[in-house]
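Okay, so here's the structure we're looking at.
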Amino acid sequence: MLLFLDTANLDEIKEIAAWGVLGGITTNPSLVVREHQDFKKLVKDICKIVDGPVSAEVTATETEQMLVQGRDIATWAENVVVKCPLTPAGLAATKALSKDGIKVNVTLCFSVNQAILAAQAGATFVSPFVGRLDDINEDGCALVEQIVEVFHIQGFDTNVLAASLRGPQHVTRCALAGADCATMPYKCSSNWSVIRSPIPDCRSSSKIGTQPKHKPWQARARSRRRIRVQNKRQAKNEVFAWLRKVRWNQQKFRAQAGLSSLTAICLSSTMA
Ligand code: E4P
């Protein structure tokens, strides 16, 4: 499974590319807007850094306009992939672009049947949105599993690009499902437990493998918690000691005076 980064930020891309495991990039209009840069220049710069497919999305909603944008985007770099939404207009554009030999990533896939449509339209990639499905109480990774299985049964060669990943569990489950690629935001990829181990790593001072330092307020909260626990334990011990004394006095009274247990309790508790 190739690991993609879902970002348009050049610094993030350079950092992860330096790890030597960056398989590609996916961008979308909201990620591009955040960078306050010219779209074409930005995509070209990303394509130079990354040795793998870089998805750049069309913004048009009608097929004709998507085709104009898609054909233009396809000329920006050899490794650029045109991203089209999984709508009827997007599917028609995908069909036409792929006929021209242009690679298309069909995005916003939320069901197996939609993935079949994307494959039939000739998409190079289809992007099921795992995290977005989890957000609505569905199992996004299960969708990836099903799409991979159906594509295998049907012999489709469209690549399954698991998208909208949010954490390490998504990465593992999509890999187990047999996804061809998985794209995740920088925050997710720079933190995923594939790299970070739960055991503190003393080997290097580099960011990778080290644990986040505990903040002073966390240490203070921990010691307050410890004191509270100690106090509780001490109070409990005192109560038990008192009860033992009461019981011992009851027995003594009963034995000495042959009193009823109720009277013994009243008398002995005043003596404790
Ligand atoms: C993928 O191509 C998309 O850009 C991306 O994964 C969107 O996911 P999100 O908006 O749910 O984070």
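First listed ligand is number 1; within each ligand, the first listed atom is number 1.
Shown here are the salt bridge (Lys or Arg N to Asp or Glu O under 4.0 Å) partners of R166, two or more places apart in sequence or in another chain: D135. With sequence neighbours excluded, the residues satisfying side chain to side chain contact (heavy atoms under 4.5 Å, CB included) with P185 are C188.
Residue D157 places its CG atom among 12 or fewer non-hydrogen atoms of other residues, nucleotides or ligands, all under 6.0 Å distant. Sparse packing is recorded around CG of D51, with 12 or fewer heavy atoms of other residues, nucleotides or ligands lying under 6.0 Å away.
Annotation: salt bridge (Lys or Arg N to Asp or Glu O under 4.0 Å) contacts involving residues 83-112, sequence neighbours excluded, comprise E57-K83, R71-D100.
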Report every pair formed by an N or O atom of ligand 1 and a protein N or O atom separated by less than 3.5 Å, giving atom names and the distance to 0.1 Å.
residue  : atom   : partner : partner atom : Å
ligand 1 : 2 (O)  : K83     : NZ           : 2.7
ligand 1 : 4 (O)  : D6      : OD1          : 2.9
ligand 1 : 4 (O)  : D6      : OD2          : 3.4
ligand 1 : 4 (O)  : N28     : ND2          : 2.8
ligand 1 : 4 (O)  : K83     : NZ           : 3.2
ligand 1 : 6 (O)  : D6      : OD2          : 2.9
ligand 1 : 6 (O)  : S164    : N            : 2.8
ligand 1 : 10 (O) : R132    : NH2          : 2.7
ligand 1 : 11 (O) : R132    : NE           : 2.7
ligand 1 : 11 (O) : S164    : OG           : 2.8
ligand 1 : 11 (O) : R166    : NH2          : 2.8

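Between the CG atom in D45 and the NZ atom in K14 there is a gap of 8.0 Å [rounded to 0.5 Å].
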